[in-house]
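What follows is a single structure, written as structure tokens, with notes after it.
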Amino acid sequence: MRMKAQNRFTALLSVAALGTLGFGAAEARDQGNYAQAEWAQDYASPAGMQVQRETVPILSPQTVTATEQMVDRYKDIVTRGGWRAVSGAEHLRIGSRGPAVAAVRQRLIVTGDLDQAAGGSGVYDSYVAAGVKRFQARHGLSQTGTMSLATQQAMNVTADVRLRQLETNVVRLRSYSGDLGRRFVITNIPAALVETVENGQVVTLHAAGVGKIDRQSPIMNTKATQINFNPTWTVPASIVKKDLIPKMQKDPNYLTDNKIRILGNGQEISPKSVNWFSDEGTRYTYRQDSGADFNSMGIVRINIPNPYGVFMHDTNTKGVFGDDFRFISSGCVRVQNVREYITWLLKDTPGWGRQQVEEAIESGKRIDANIAQPVPVYWTYITAWSTPDGLVQFRDDIYKRDGVNVPSTIGAPTPVASAEPVPQSFEPGDEE
């Protein structure tokens, strides 16, 4: 099933799992200048095994209670010996046979991803595929229903490690037990997910691109105060040194191709006049023109004042939103379906409905909109939690903050939407 960009949000709300957005086999398809990644959803799996979208925010008393209960459940699983490791299963799919299939069945049964009544057949049938999809949804992996190396690695994280991960994250969740506001935004960095919350309910869900391992997105509380439509981007000094100068050493046309201007003493300087093999390049200001096709911030930037100089924004490379692992920025957060996000942020700002948002974007001009009532924004680090319906979610401890040595599956990603090579571009980061 393929969906136009404007319909994708509705589809996500109906089928997405909290933290995974119900990603099925992903495909990126251009639909004009503002194309988003698209996902195909398989509705054929047994209804009882499908992961439904949870409307309760990850930061809520209900999530704390559910996660505390899941700690008790995992203590019981550990007491009973946990689960056996799975091997040789990374290429299994419907129709596969052999002992590895039985091992996968048993692994899925222990954590409730497959009903024990599904039998012990050595055939990888539709029930196993549905169970694998459910497991993948709970671990932020593409819901293909077929085994992959990343899926096998996630299965082989031991029960005692998962228990300690839950215990660590209960403490984090409790720290947000106060009044977070009537309307607020949650960015869960390990899940690479943004939630908007109103009156205790999740209103919109957005895949996100967050900071790389060596350029981490900070944990912080702030507020969204302003929307910049069609922004230019001033390259921060750190990125000039780490990225821009090395790129220019390899490709003298890089700045021109990406519409980045060099400014010095109020005048524009030709890239050809700069010695890129000296420190001369660090003395100038670099500014990228506005433009959805090439500007690293895409069509909009969301200002969230903070001491780290980071912000939230659109992107000109939207295919990444279909990947399992979206740790690709220099600290800022890229937001999928950004039009829905900023429309929600501006909801209570007079004169800023969806039509005005679209008109501002289509104008191609720099327009700033101040949010009448700044919206609280929480950038969090939650790698394990449970939803009130008893579904436990785990994510890679990408920044190694859990202290329990959770093995990472990032060495075996299963990227889908951005599998095709895309031109390299700069990544907004540390400061502007």
Expected output: side-chain Thr349 to main-chain Trp352 donor-acceptor under 3.5 Å: no
Taking every heavy atom of Val110 against every heavy atom of Arg73, the minimum-distance pair comes out as O-NH2, 4.2 Å
Quick check for you: to the nearest 0.5 Å, what is the distance between Leu166 atom CG and Gln69 atom CD? 12.5 Å
Output yes when a side-chain donor or acceptor of Thr67 lies under 3.5 Å from a complementary backbone atom of Val170, and no otherwise. no
Residue pair Arg334 / Ser329: nearest heavy atoms and the distance that separates them: NE-CB, 4.5 Å
Between Pro305 and Thr222, is there a side-chain heavy-atom distance shorter than 4.5 Å? yes
Under a 4.0 Å threshold between the charged nitrogen and the carboxylate oxygen, would Arg162 count as salt-bridged to Asp160? no
Is the closest side-chain donor-acceptor distance between Glu340 and Thr204 under 3.5 Å? no
Give a yes-or-no answer on whether the side chains of Arg395 and Gln393 include a donor-acceptor pair shorter than 3.5 Å. yes
Salt bridge Asp279-Lys241, side-chain N to carboxylate O under 4.0 Å: no
Between Ala372 and Asp348, which heavy-atom pair has the shortest distance, and what is it? CB-O, 3.8 Å
Any side-chain heavy atom of Leu263 sitting closer than 4.5 Å to one from Ile269? no
State which residues pass side chain to side chain contact (heavy atoms under 4.5 Å, CB included) with Glu280; sequence neighbours excluded, sorted by chain then number. Val274, Asn275, Ser278, Arg283, Tyr284
Atom CG in Leu193, atom OG1 in Thr187: separation rounded to 0.5 Å? 8.5 Å
With side-chain hydrogen bond (donor to acceptor under 3.5 Å, both in side chains) as the criterion, how do Ser148 and Glu90 come out once you've worked through the C-alpha distance, each side chain's angles and the decisive distance to 0.1 Å? CA-CA 4 Å; Ser148 64; Glu90 59 266 31; over 6 Å; no
Side-chain donor/acceptor of Arg134 to backbone N/O of Gly112, under 3.5 Å: yes
Side chain to side chain donor-acceptor pair (under 3.5 Å) pairs, two or more places apart, involving residues 261-270: Arg261-Glu268, Arg261-Asp289
Less than 4.5 Å apart, side chain to side chain, heavy atoms only: is that true for Val104 and Val132? yes
Donor-acceptor pair, distance only, cut-off 3.5 Å: does the side chain of Thr343 make one with the backbone of Arg339? yes
Measuring from Phe184:CZ to Tyr378:OH, what's the distance to the nearest 0.5 Å? 6.5 Å
On a heavy-atom basis, which atom in Thr225 and which in Pro374 lie closest, and how many Å separate them? CG2-CB, 4.2 Å
Between Arg215 and Ser330, do the side chains contain an N or O donor and an N or O acceptor separated by less than 3.5 Å? yes
Working for side-chain contact (heavy atoms from CB on, under 4.5 Å), residues Ile219 and Thr380: CA-CA 5 Å; Ile219 312 305; Thr380 64; 5.5 Å; no
Can you tell me how far the OG1 atom of Thr168 sits from the CG atom of Leu173, to the nearest 0.5 Å? 11.0 Å
Please confirm whether Arg183 makes a cation-pi placement over Trp344, using NZ or CZ under 6.0 Å from the six-membered ring centre and within 45° of the ring normal. yes
Derivation of the side-chain contact (heavy atoms from CB on, under 4.5 Å) call for Asp314 and Ile302: CA-CA 9 Å; Asp314 182 33; Ile302 300 97; over 6 Å; no
Would a 4.5 Å heavy-atom cut-off, applied to side chains only, mark Met248 and Trp276 as touching? yes
Is the shortest distance from a Lys or Arg side-chain nitrogen in Asp113 or Arg138 to a carboxylate oxygen in the other one below 4.0 Å? yes
Carefully, step by step, assess Asn303 and Arg301 under the rule side-chain hydrogen bond (donor to acceptor under 3.5 Å, both in side chains). CA-CA 6 Å; Asn303 288 324; Arg301 159 180 164 153; 2.5 Å; yes
Quick check against the 3.5 Å criterion: does Trp83 have a side-chain atom that pairs as donor or acceptor with the backbone of Val78? no
Here the pair of heavy atoms bringing Lys365 nearest to Asn230 is O-ND2, 2.8 Å
Using a 4.5 Å cut-off on heavy atoms from C-beta on, say whether the side chain of Asp368 contacts that of Phe229. no
Test log, rule side-chain contact (heavy atoms from CB on, under 4.5 Å), inputs Leu205 and Val194: CA-CA 6 Å; Leu205 291 169; Val194 172; over 6 Å; no
Taking atom types as modelled, is there a side-chain donor on Tyr381 or Asp397 under 3.5 Å from an acceptor on the other? yes
Looking just at side-chain N and O atoms, do Asn169 and Thr383 make a donor-acceptor pair shorter than 3.5 Å? yes
Less than 4.5 Å apart, side chain to side chain, heavy atoms only: is that true for Val185 and Leu345? yes
About how many Å separate CD of Gln136 and CE of Met155, when rounded to the nearest 0.5 Å? 7.5 Å
Is the side chain of Asn188 donor-acceptor paired with the backbone N or O of Ile382 at a distance under 3.5 Å, no angle test? yes
Around Gln373, counting heavy atoms of other residues, nucleotides and ligands shown, do more than 12 lie under 6.0 Å from its CD? no
If you apply the rule side-chain hydrogen bond (donor to acceptor under 3.5 Å, both in side chains), what do you find for Thr146 with Thr144, and how did you get there? CA-CA 5 Å; Thr146 61; Thr144 61; 3.1 Å; yes
Parallel, tilted or perpendicular: ring planes of Phe394 versus Tyr74, cut at 30 and 60 degrees: perpendicular
Between His206 and Gln336 (side chain of the first, backbone of the second, donor and acceptor by atom type, cut-off under 3.5 Å), is there such a pair? yes
Identify the heavy atoms of Asn306 and Val310 that sit nearest to each other, and give their distance. ND2-O, 2.8 Å
Taking it one step at a time, do Trp385 and Arg172 satisfy side-chain contact (heavy atoms from CB on, under 4.5 Å)? CA-CA 10 Å; Trp385 71 98; Arg172 291 177 181 150; over 6 Å; no
Set of side chain to side chain contact (heavy atoms under 4.5 Å, CB included) partners for Gln216, sequence neighbours left out: Tyr399, Arg401
Could you tell me whether the side chain of Pro190 reaches within less than 4.5 Å of the side chain of Asp396, counting heavy atoms only? no
Between the OH atom in Tyr286 and the CG atom in Asp243, the distance rounded to the nearest 0.5 Å is 13.0 Å
Is the shortest side-chain heavy-atom distance between Trp379 and Val377 below 4.5 Å? yes
